[in-house]
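Convention: sequence-line order gives letters A, B, ...; per-chain numbering from 1.
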Protein chains: 2
Amino acid sequence: MATQKPQPATREKENEDDIYLQQALEEAKVGLNEGGIPIGAVLVHEGTDGVRHVLGMGHNQRVQKKSPVLHGEMDCLENAGRCPASVYRKCTMYTTLSPCSMCSGAILLFGIPRVVVGENQTFLGAEEHLRANGVEVIVVQDASCVAIMKEFVREHKVLWEEDIGEPSE
Amino acid sequence: MATQKPQPATREKENEDDIYLQQALEEAKVGLNEGGIPIGAVLVHEGTDGVRHVLGMGHNQRVQKKSPVLHGEMDCLENAGRCPASVYRKCTMYTTLSPCSMCSGAILLFGIPRVVVGENQTFLGAEEHLRANGVEVIVVQDASCVAIMKEFVREHKVLWEEDIGEPSE
Ligand SMILES: [Ca+2]
Ligand SMILES: [Ca+2]
Ligand SMILES: [Zn+2]
Ligand SMILES: [Zn+2]
């Protein structure tokens, strides 16, 4: 017992966060292989027994479904389907990229209390608005999440600007 | 000319606002007839020649498409399709009900500068967040918009609470 590290529950959660964030990155890669914008998300519910399971996964569908509203997080919520508020309130949203104002607004609407963000270097979303409204936001700055978006934005600048409502020059 | 009222351009815009808000209400009624939540929206673009036309219309699809994300405004944006930022920045969003945090976040993401709201008596959305971010928000308090939602919420309280992420008792 002398070798046991402190706060094993916290370490366990961090390990789980890594695993679910990698799943979100896999979703982003699926999107990239479809010719889409590589942003992915996973919604994870924690039951009363402490066991967590995936409610839904998704990735940006602007190109694939010609959809302006199905960002990675929104596609994930759509795939998770209709849930009562009590379910969302026991969820964590994993997303490869800092959530924009729309996706942050969805997180607030449904009362999702915790968001794990792959990176906010290529795009900084409404993290402060989330925190100001009581949401726990953890930014991992995962090198693979940064790399996939950095390369995409460099090669598809106009498409990316369309996705975030930025005027192109 | 002595009988001419002041600010005819403003009055013209108010008349047009009435017409488009009524179209949004027609969308809400379509949703109601489908067994859905009666909230509708219309996105109107103003061209450089000052002529306005409808880019998209939509209504809440929670019941019909089992969709948690397609609120009236979101379905409207989805139906308007992919647009560059320059188009959204010349648009008005008409919605029968005060836009929630998700829909307000979408309005902010795409830089829609003006929102006409049918009513905010049955539900008050993120109007102040919109205004704080420079969006013009006009609340009409239209009696028909109030009536259709008031009756719906009375008869379908749990469904309505699900739509806005409110825990049901
Ligand atoms: Ca556990
Ligand atoms: Ca005109
Ligand atoms: Zn987003
Ligand atoms: Zn909404």
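A single hydrophobic cluster is seen to contain both B:F123 and B:V69, as judged by linkage of ILVMFWY side chains at heavy-atom distances under 4.5 Å, directly or through other members. When the side chains of ILVMFWY residues are joined at heavy-atom separations under 4.5 Å, either directly or via intervening members, A:I112 and A:V44 end up in two distinct hydrophobic clusters. No chain of hydrophobic side-chain contacts below 4.5 Å, direct or via other Ile, Leu, Val, Met, Phe, Trp or Tyr residues, connects B:V140 to B:I39. Using a 4.5 Å cut-off between side-chain heavy atoms of Ile, Leu, Val, Met, Phe, Trp and Tyr, with links allowed through other members, A:I148 and A:V30 fall into different hydrophobic clusters. When hydrophobic clusters are built by joining Ile, Leu, Val, Met, Phe, Trp and Tyr residues whose side-chain heavy atoms come closer than 4.5 Å, directly or via intermediates, A:V135 is grouped together with A:Y88.
For the side chain to side chain contact (heavy atoms under 4.5 Å, CB included) test with B:M102, the passing option among A:L108, A:L109, A:I107 is A:L109; the others fail.
Taking each heavy atom of B:F110 and A:R62 in turn, the nearest pair found is CE2-NH2, 3.7 Å. For A:G165 against B:A85, the heavy-atom pair with the smallest separation is O-CB, 3.2 Å. Here the shortest heavy-atom pairing between A:V63 and B:R82 reads CA-NH1, 4.0 Å.
Looking at A:N79, there are no atoms closer than 4.5 Å to chain B (heavy atoms on both sides), in backbone or side chain. Contact of B:N133 with chain A is not made at all, since no heavy-atom distance falls under 4.5 Å. Interface residue B:S67: backbone and side-chain heavy atoms are both found under 4.5 Å from chain A. When heavy atoms are compared at a cutoff of 4.5 Å, A:E162 approaches chain B by way of both its backbone and its side chain.
Highest contact tally toward chain B, considering only A:C83, A:G81, A:G111, is held by A:G81 [criterion: heavy-atom pairs under 4.5 Å]. The candidate from A:K66, A:H129, A:M74, A:H71 with the greatest count of non-hydrogen atom pairs under 4.5 Å with chain B is A:H129.
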